[in-house]
Amino acid sequence: MKPLTTTQQKPVESHADKLINLLMEREYLNKEVLALVRRSQRQSRGRTNSAILVDSGVGEEYVLQAVADITNLQFAKITIEHVALGLIERLGFGWCKEHTIVPVCIDGKNYLASTSIDELFLTDDIRHEVGVGIGQLLSTRGDILSILECVEQESDLTCQKGSVEEYDTSVYDTDLKNTSIDLEAAAADADSSPVVRLVGEMITRAVREDASDVHFESGDECSHIRFRIDGVLHALMESPQKLHGAVVSRIKILANLDIAERRLPQDGRIRATVLGRPIDLRVSTVPTPRGEKVVMRLLDNRNIRIGLDELGFRDDSLASWKHEIASPHGILLVTGPTGCGKTTTLYSSLQQMDRKQLNISTVEDPVEYELPGITQIQVHDKIDMTFSRALRALLRQDPDVVLLGEIRDMETASVAIQAAMTGHLVLSTLHTNDAPSSLTRLINIGIEPFLVASAVNGVLAQRLARRVCPKCVQMKTPTQEESVALEGYEFEKIPHAVGCTSCRGSGYSGRLGIYELLIMDDELRDAIASNPTITSFRNLAIERGMKNLRHDGFAKVADGLTTIDEIARLTA
């Protein structure tokens, strides 16, 4: 008699497992964060899986996009332009704020934007209440709260528009020779309701739009406000020229700067909590003939949680870079223009190291992010606390790894070389266009070629390219012009940026790195010791296997991550 057999049914995959598996598949969630999520799920009964994932460091936009795909709903990046004001009035502003819900109109259709599928049961009640067809979509909490705040502020600004237009700014004479200023009047103007709301709205909107910088510029007839989003400046709005001086004074007050000093540049810092997120704003002012220009750089602590695996390295480059940062001594340089992600790469590299067994220290100007388990030193030029002096002090603190914010001069470069030659791993940055140029730059600073050849282990040049929006990207056959731009690379299909509501019509959403990694070997060291020209050394580096920025960029195009136009914009 044959033994009875039972057929085991495959367990039904839960919604939480589907969400986690989809995020893992899309590489938005790694094993370390997953372990943290699992612990939080056991300890935080009653909390939604989406909230746990976001609190664990996964981007809210990525989580909600995955939730939308699983539940067959729509996810959208909404702005104030999408708000259905009539529906807000009918539902009640207080009710929308209480439930973190905002009605929007996209492509002529009404939707109820919510942060969670748990709120969507309200849709039927709303349909009955307003008597119109309304769909469902998901959007980030930051977008929704910011829009509701803007709606509330816009009504106040509209009521006070007359006072703004008639603003008395006689104390803000742009003639730099006239240094007299009524401080009490300037402070009162800066604290006035329209100015406070305008500055607050701009900071909130910058955080919501994931802008890296906000520019306040005075023009002939109006003041221009521009945001840098994904590395590109976008004109946001224009405010009355008469209001510009008061806006500058307001920002100066927040940053503890001198509102009476309008002839010299000033730098300051603002720490604030915006949309529930701690934000650090670095403020810089410079005098111009039309009035002071202000630029605010937004630093978000969430950016330093990015691991090396998420920065956009190709597998071979990632393995080589991880091998180099595990070296016991030598210099590793990261190069590129301002705003290309050098600090993020260096911080991600430090977090890859064993901070329990290694003594890791940094010298920075300024300290952009606070890292646990790492000694960080702020440079102060006014008290002669320079890079070289701070580095010398650190070398007496028994360090294993030193991160030097930037090599600016011969003195700093000499101390860094000495540290690398005496058994320390030094990570630093230079402002050069490519990796080979960094070595000749050190020689031009005044370092002997044989010391550069002995101390430098590798150089990483990088840029940040905009990712094509996954919502609207189209694959197409390259045109003749694009085929010429590909310089011999042949692709059947390449990504084309179209533009949709999720990416603000730009066709791009987010950024990824493109890299040029130069690893020194014996032949390259011998070449550097003979002080070669930059052209000959670059050609030798390519012969020895270095892939330049353009080559890596075309590889990202082949992977469907960015476009030919974007790579052409960033590389020569």
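Keep in mind that the numbers below use all heavy atoms, side chains included, and drop hydrogens, waters and symmetry copies.
In the model, Q74 has no side-chain atom that pairs as donor or acceptor with a side-chain atom of Q136 under 3.5 Å. A side-chain donor from one of T477 and K493 sits under 3.5 Å from a side-chain acceptor of the other. Remark: the R550 side chain and the T571 side chain contain an N/O donor-acceptor pair separated by less than 3.5 Å. Side chain to side chain, S218 and E292 fail the donor-acceptor criterion of an N or O pair below 3.5 Å. Side-chain contact of S536 with N539: a donor-acceptor pair under 3.5 Å is absent, judged by distance alone.
Partners of H323 according to the ring-ring contact (aromatic ring centres under 6.0 Å, His included) rule, which considers only residues two or more places apart in sequence or in another chain, do not exist here. Listed by chain and residue number, D365, P366, V367, H380 satisfy the side-chain contact (heavy atoms from CB on, under 4.5 Å) test with Q378 (two or more places apart in sequence, or in another chain).
Across all non-hydrogen atoms, the minimal contact from M296 to L281 is SD-CD2, 4.0 Å. The shortest non-hydrogen separation linking S327 to L425 is O-CD2, 3.5 Å. Counting all heavy atoms, side chain and backbone alike, K476 lies closest to H496 at NZ-ND1, 3.6 Å.
Side chain of R226 to backbone of D213: no donor-acceptor contact under 3.5 angstrom is found. Here the side chain of K556 pairs a donor or acceptor atom with the backbone of G312 at under 3.5 angstrom. A donor-acceptor pair under 3.5 Å is formed between the side chain of R228 and the backbone N or O of G231. Here the side chain of H82 pairs a donor or acceptor atom with the backbone of T79 at under 3.5 angstrom.
Going from atom CD1 of I279 over to atom CD1 of I203 covers 10.5 Å, rounded to the nearest 0.5 Å. In this structure, CZ in F554 is found 13.5 Å from NZ in K547, a value given to the nearest 0.5 Å. Separating the CD1 atom in I514 from the CG atom in L549 is a distance of 5.5 Å, to the nearest 0.5 Å. Here S509 contributes atom OG and R466 contributes atom CZ; the two are 11.0 Å apart, rounded to the nearest 0.5 Å.
R290 places none of its side-chain heavy atoms less than 4.5 Å from the side chain of H244. Within the 4.5 Å cutoff, side-chain heavy atoms of L439 are placed close to those of M520.
Around the NZ atom of K322, the shell of radius 6.0 Å holds more than 12 heavy atoms that belong to other residues, nucleotides or ligands. For F216, the CZ atom is densely surrounded, since the number of other residues' heavy atoms within 6.0 Å is greater than 12. Heavy-atom contacts from other residues, nucleotides or ligands closer than 6.0 Å to CZ of R141 number 12 or fewer.
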Could you pull out all donor-acceptor pairs under 3.5 Å where a side-chain atom in residues 458-465 meets a protein atom, sequence neighbours excluded?
residue, atom, partner, partner atom, Å
Q462, OE1, T345, OG1, 2.8
Q462, NE2, C340, O, 2.8
Q462, NE2, G341, O, 3.0
Q462, NE2, T345, OG1, 3.3
R463, NH2, N433, O, 2.7

Given the rule in the side-chain hydrogen bond (donor to acceptor under 3.5 Å, both in side chains) test, do T100 and T115 qualify, once you have shown the distances and angles that lead to the verdict? CA-CA 7 Å; T100 320; T115 61; 5.4 Å; no
The test is side-chain hydrogen bond (donor to acceptor under 3.5 Å, both in side chains); show your working for T562 and Y508 and say whether it passes. CA-CA 8 Å; T562 188; Y508 299 93; 5.7 Å; no
